[in-house]
Structures are given as structure tokens and as C-alpha cells.
Asks: 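Got a structure for you, written out below as C-alpha cells; questions coming shortly.
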Amino acid sequence: MDDDERPRRRSTEGDFGAASLLTSESLERYSLDELDARIALLEDEIARIRAHRDKSSAHMTAAQALFRPKQP
């Protein structure tokens with residue numbers, strides 16, 4: 001099973017795991033090249049998350065349409 005497919009523990013309110021840690025990390029020690037690489041990595045992660053969100057949204061919409069009570 002790929003890491004992307006493993007279920008992840010749900011975050012508590014306001015705690016988003018590693019993402020929360022990233023927001024509190026000091027960036028002072030990084031060089032410009034390291035900051036650029038970090039930005040590219042985070043942009044790729046944002047794209048991956050958006051794709052998963054869109055897939056989940058489409059799945060939910062399909063489920064709602066399937067189980068919605070029929071209109072007379």
C-alpha cells in the first residue's frame with residue numbers, strides 16, 4: 001500500500017499534523033535555494049490535496065444523488 005493510500009489519523013480542531021508544525025517553524029536557517037525548493041514541494045502538496053478534495057467532493061455528490069429521496 002502506498003503512503004498516499006494509507007488512512008491517516010484525523011486531526012483535532014486546529015491541529016493539522018505536519019502542516020501545523022510547518023507554520024510554526026522558523027525559516028531563518030534556510031538559504032534562498034532551500035526556500036525555493038520548499039515552496040515547490042509545498043505547491044506540489046497543495047495540488048495533491050486539491051485533487052483529492054475534488055475527488056472526494058465528486059464522490060460525495062454522487063452518493064447524495066444516489067440516496068436522495070425521489071421527488072413525486
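Computed from a predicted structure; not experimentally measured.
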Asks: Which residues pass the side-chain contact (heavy atoms from CB on, under 4.5 Å) test with Ser31, not counting sequence neighbours?
Replies: Asp33, Glu34

Asks: Mind checking what makes side chain to side chain donor-acceptor pair (under 3.5 Å) contact with Glu25, not counting sequence neighbours?
Replies: Arg29, Tyr30, Arg38

Asks: Quick one: side chains of residues 55-68, donor-acceptor pairs under 3.5 Å with protein atoms, not counting sequence neighbours, listed by atom name and distance.
Replies:
residue: Ser56; atom: OG; partner: His52; partner atom: O; Å: 3.1
residue: Thr61; atom: OG1; partner: Ser57; partner atom: O; Å: 2.9

Asks: In Å and rounded to the nearest 0.5 Å, what is the CG to CG distance from Leu41 to Asp44?
Replies: 6.5 Å

Asks: Any chance you could measure Leu42, atom CG, to Leu35, atom CG, to the nearest 0.5 Å?
Replies: 10.5 Å

